[in-house]
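The first residue of the sequence shown is numbered 1, and numbering continues consecutively from there.
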Amino acid sequence: MTEPAPPPPVAGDADAEARDKLLAQVASLPALPGVYRFLDAAGQVLYVGKARQLKKRVASYFQKDHDGTRIGVMVGRIAQLETTVVRTEAEALLLENNLIKALDPKFNILFRDDKSYPYLKLVTHDFPRVAYYRGSVDRKHRYFGPYPGAWAVKETIQLLQKVFRLRTCEDTVFAHRSRPCLLYQIRRCSGPCVGLVAKDDYARDVADAERFLLGESDEVIATLQRRMSAFAESLQYERAAVVRDQIGALSRVLHQQSMDESSLSARERDVDIVAVKVQGGQACVNLAMVRGGRHLGDRAYFPAHVEDASALVRDESADETVSPEQAVLEAFVAQHYLGTAPPPALVTSHALDPSLVQVLSEQCGLRIHAQHQPREQRRVWLEMAVKGAELALARLLAEEGSQRERTRALVEALDLPADDLDTFRIECFDVSHTAGEATQASCVVYQNHAMRPAEYRRFNVEDITPGDDYAAMRQVLTRRYAKLAEQVNRADPGPGEARARLPGLVLIDGGRGQVSVAREVFEELGLDLSLIAGVEKGEGRKVGLEELVFADGRPKLALGHDSAALMLVAQIRDEAHRFAITGMRARRARIRTGGSRLEDIAGVGPKKRARLLQRFGGVRGVSSASVDDLASVDGISRELAEEIYRALH
C-alpha cells in the first residue's frame with residue numbers, strides 16, 4: 001500500500017522559511033562597520049543605514065515588536081538583506097549617503113538634491129563686471145557665495161552698483177558703447193565703457209568691493225575716509241564728495257544689516273545656521289547663510305519620509321534612538337554637505353553626531369566647528385533660523401490641511417469610495433495640438449493631496465486623422481490602461497508582482513463626446529465606468545461654471561463656484577492643460593525646425609549642425625542639398641555627407 005503524497009507547501013510555510021533564512025543571514029553578520037540595505041520581494045530598496053557594528057545594528061530591527069508603526073510595516077516587507085563592510089565609520093557614512101541619493105529608498109529621510117545655489121561672479125577683465133551666476137565655479141573668475149536665493153544675489157549686485165558703481169553690462173556691450181548708458185546717468189556705474197573713469201580708479205573700486213564681500217567692511221570704510229581726506233586736502237572737492245557719498249551709502253547698508261560682526265574673526269564670518277522643526281508628521285529644515293559677517297537670508301527644506309524617522313536612526317553608543325529633530329538634522333547635513341565644501345562653522349538647533357562632523361572636516365581638509373548652544377550674535381542668528389523654520393512649517397501644514405479638505409470635499413461630492421484619503425489618486429488627461437499638428441496628450445497625477453510631477457506622462461499621438469480629438473483620447477486611454485486592466489482583471493498576480501490598482505478617479509478634460517470615448521475604452525478593457533468624469537465647460541466657457549459629466553449614466557453635477565471640490569478639479573485640469581500645451585509646443589518646434597533629425601545623425605554635433613544650417617538657411621535647405629553640396633561644408637566629409645543625405649530622404 002502506497003503512502004499518500006505529502007501536502008504541497010503553502011504560502012505561510014514559504015514565508016516562514018524565507019524569514020528563517022533572513023534571520024540566519026543576520027546572525028552571521030560580522031561585528032564590523034558597514035552599510036546595510038533592506039529590500040522587499042520585488043527587489044526594491046526599502047531602507048539604507050550605516051552601523052558601527054553591522055550584526056548588532058541589523059539584529060535590533062528583528063528583536064523588538066514594531067506592530068502598528070511605520071517601522072513595523074517596513075520590517076514586515078523585508079525579504080532580502082545586502083551589506084557592505086568598510087574600514088571605518090566615516091567610510092560607512094559616505095557610502096550610506098551615496099546610496100541614499102542613488103537608490104531613493106522608501107523609508108529613509110530624503111531631501112531633494114538641489115545644490116544649484118547662485119553666486120555673485122566678478123568676471124575677469126580690465127574693467128571687471130559683477131554678474132549673477134549659477135553653476136560650477138572655476139578659477140578664471142572670482143566667486144562670492146553661495147547665496148540662499150537669486151534675490152540675495154541681485155540685492156548684493158544693486159548694493160555694489162550703488163556704493164562702488166561697478167558695471168554689470170556684458171563684455172560685448174561694453175566693447176561697442178559710444179556713450180554712457182542710463183546706469184551712468186543714475187549714478188549706478190562709473191562709465192568705464194567710454195573712459196569716464198581711469199583704469200586704476202576702477203581697479204581700486206573693485207578691490208574695495210571684494211573686501212566688502214569678504215566681510216572687511218570696517219577696513220573699507222577706513223580706506224574710503226582716508227581717500228576722501230586726501231582729495232579734500234588737494235582741493236579735489238568733487239572727487240571727495242563722490243567718496244563721501246560712497247561712505248554714506250555703505251554705512252546705511254551696514255546699519256540695515258543689524259548684525260554685530262565686530263566680535264567675529266574673519267574665519268568665523270562664514271557660517272551656516274541650520275534649524276529643525278518637526279510637527280504633525282512633517283519637518284522643516286531652515287538653512288540661513290552668513291558670508292563675510294552679512295546675513296544673506298534663509299531657505300526652507302521639507303524632507304520626505306519623516307514618519308517614525310527617529311526610530312530608524314539609533315545612537316549605537318547608547319543603544320537608543322535619537323530625537324526626530326536630530327535624525328532629520330543629521331540626514332540634512334549628510335545629504336547637503338557631503339560632496340560639497342561647507343563653511344568652517346555650523347550652528348545647529350540640535351547636537352550633531354561627532355563622527356559626521358569629523359567626516360565633513362576630512363572631506364574638505366578644514367576643521368569644521370559645529371555648535372548647537374551658541375552665545376551672543378550666533379544665538380541671535382539661530383533664534384532667527386528657528387523662528388523661520390516654525391513659520392515655514394506652519395505655512396506648509398496649513399496648506400496641506402486646506403488641500404486635504406479639497407480632496408475630502410471632492411470625494412464626498414462625487415460619493416466615491418475612498419478608504420484612505422491620503423492614498424486617493426486622481427489621473428487627468430488632456431489633448432493638445434495646433435490645427436492637428438504635433439498632437440500630444442498629457443496625463444497628470446494627484447495623490448497624497450498634491451500634484452506628483454514625477455509621475456506625469458506625455459503621449460505622442462500618431463496614426464489618426466489630424467485634429468480628431470476623440471481618436472486621440474481613445475488611443476491615449478488605451479495605451480495608459482490596457483496593461484493595467486490585464487493585471488486588475490487577473491485572478492492572481494504573478495510571483496513578485498504587486499496587485500495593480502486603478503486610480504480612484506479619472507478626469508477627462510472635455511464634455512460628453514470625450515466621456516463617451518472614455519466609456520467605450522473602459523468597457524472594452526472591462527474596467528469600472530464609475531471612475532470616469534469629464535470636466536465640461538460651463539455656460540459661456542466661464543471659469544467657475546464647469547460641470548462634471550459621468551460615464552456611468554449619472555446626471556451632470558454642477559459644483560458651487562466657490563466649493564473646495566471645484567477648486568481641486570480646476571487645479572488638476574489646469575495642470576493637465578499646461579503640461580499638454582508645453583509638450584505640444586516643444587514637439588511642434590522640433591517638427592518645424594527638424595533640428596532633432598540633424599542631431600540624431602551620428603557624427604553631426606552642435607558645431608557641424610550650426611555650419612549646415614547657416615550654409616543652407618535651415619533644415620529645408622539642408623534636405624534639398626545634394627551630397628556634393630553637403631560635402632563642401634567645412635568639417636563635413638564625403639562619407640558623412642552621404643549619411644546626412646540618407647537620413648533626410
Side-chain angles (χ1 to χ4, degrees), residues 11 40-42 44 407 410-431 439-448 452 454-465 468-536 547-557 565 568-569 572-573 575-576 579-580:
D40 61 15
Q44 296 295 316
T407 308
L410 181 60
V411 168
E412 293 176 352
L414 303 186
D415 194 22
L416 297 172
D419 299 329
D420 186 0
L421 285 178
D422 293 336
T423 59
F424 184 71
R425 181 183 179 94
I426 301 174
E427 295 183 359
C428 182
F429 295 84
D430 187 27
V431 175
T439 302
Q440 190 165 87
S442 67
C443 172
V444 301
V445 177
Y446 175 88
Q447 193 172 24
N448 297 110
R452 299 293 170 190
E455 300 182 46
Y456 290 4
R457 289 186 63 187
R458 287 194 178 105
F459 301 85
N460 291 329
V461 180
E462 307 286 355
D463 303 323
I464 65 168
T465 303
D468 189 345
D469 288 354
Y470 295 158
M473 185 61 71
R474 181 188 302 278
Q475 183 182 128
V476 169
L477 292 176
T478 302
R479 289 166 60 183
R480 171 68 184 96
Y481 294 115
K483 185 175 181 181
L484 189 60
E486 292 180 6
Q487 298 177 6
V488 170
N489 296 327
R490 192 183 305 161
D492 296 308
E497 181 181 68
R499 181 172 293 279
R501 291 189 61 187
L502 286 166
L505 177 65
V506 177
L507 286 177
I508 308 295
D509 186 15
R512 291 190 179 278
Q514 294 281 28
V515 171
S516 296
V517 170
R519 181 179 65 245
E520 292 172 4
V521 172
F522 271 46
E523 284 177 342
E524 293 171 2
L525 298 178
L527 298 177
D528 186 2
L529 297 181
S530 66
L531 299 176
I532 304 171
V535 186
E536 187 177 62
E547 296 178 322
L548 297 184
V549 182
F550 302 99
D552 58 0
R554 282 179 287 170
K556 283 185 179 181
L557 177 62
L568 179 57
V569 169
I572 299 172
R573 187 273 316 275
E575 178 68 356
F579 194 58

Output the distance between atom [atom1] ([X]) and atom [atom2] ([Y]), rounded to the nearest 0.5 Å.
{"X": "Arg519", "Y": "Leu531", "atom1": "CZ", "atom2": "CG", "answer": "14.5 Å"}
{"X": "Phe424", "Y": "Leu410", "atom1": "CZ", "atom2": "CG", "answer": "6.0 Å"}
{"X": "Leu414", "Y": "Leu505", "atom1": "CG", "atom2": "CG", "answer": "6.0 Å"}
{"X": "Leu477", "Y": "Ile532", "atom1": "CG", "atom2": "CD1", "answer": "7.5 Å"}
{"X": "Arg474", "Y": "Ser516", "atom1": "CZ", "atom2": "OG", "answer": "10.0 Å"}
{"X": "Gln475", "Y": "Thr439", "atom1": "CD", "atom2": "OG1", "answer": "9.5 Å"}

request  = Classify the angle between the aromatic ring planes of Phe429 and Phe459 as parallel (below 30°), tilted (30 to 60°) or perpendicular (above 60°).
outcome  = tilted

Over all atoms of both residues, closest heavy-atom pair of [X] and [Y]:
{"X": "Ala533", "Y": "Val515", "result": "C-CG2, 4.5 Å"}
{"X": "Asp468", "Y": "Ala471", "result": "OD1-N, 3.1 Å"}
{"X": "Ala580", "Y": "Ser442", "result": "CB-OG, 3.4 Å"}
{"X": "Gly511", "Y": "Glu536", "result": "CA-OE2, 3.7 Å"}
{"X": "Val431", "Y": "Ala472", "result": "CG1-CB, 3.9 Å"}

task = Could you go through the side-chain contact (heavy atoms from CB on, under 4.5 Å) check for Arg512 and Lys556 one step at a time?
result = CA-CA 10 Å; Arg512 291 190 179 278; Lys556 283 185 179 181; 3.7 Å; yes

Is the side chain of [X] donor-acceptor paired with the backbone N or O of [Y] at a distance under 3.5 Å, no angle test?
{"X": "Asn448", "Y": "Asp422", "result": "yes"}
{"X": "Arg452", "Y": "Gln447", "result": "yes"}
{"X": "Arg458", "Y": "Phe579", "result": "yes"}
{"X": "Gln514", "Y": "Asp509", "result": "no"}

ask   = Around Lys483, counting heavy atoms of other residues, nucleotides and ligands shown, do more than 12 lie under 6.0 Å from its NZ?
value = no

message = Does Arg479 have more than 12 heavy atoms from other residues, nucleotides or ligands lying within 6.0 Å of its CZ?
response = yes

inquiry  = Please evaluate residues Glu575 and Tyr456 with respect to the criterion side-chain hydrogen bond (donor to acceptor under 3.5 Å, both in side chains), reporting the C-alpha separation (whole Å), side-chain torsions for both, the decisive distance (0.1 Å), and the verdict.
reply    = CA-CA 10 Å; Glu575 178 68 356; Tyr456 290 4; 3.0 Å; yes

Do [X] and [Y] come within less than 4.5 Å of each other through their side chains, counting heavy atoms only?
{"X": "Asp430", "Y": "Arg573", "result": "no"}
{"X": "Ile426", "Y": "Ile572", "result": "yes"}
{"X": "Leu527", "Y": "Leu502", "result": "yes"}

key: Polar side chain donor-acceptor pair, Tyr446 to Thr407, under 3.5 angstrom   = yes

request  = Give a yes-or-no answer on whether the side chains of Glu520 and Tyr470 include a donor-acceptor pair shorter than 3.5 Å.
outcome  = no

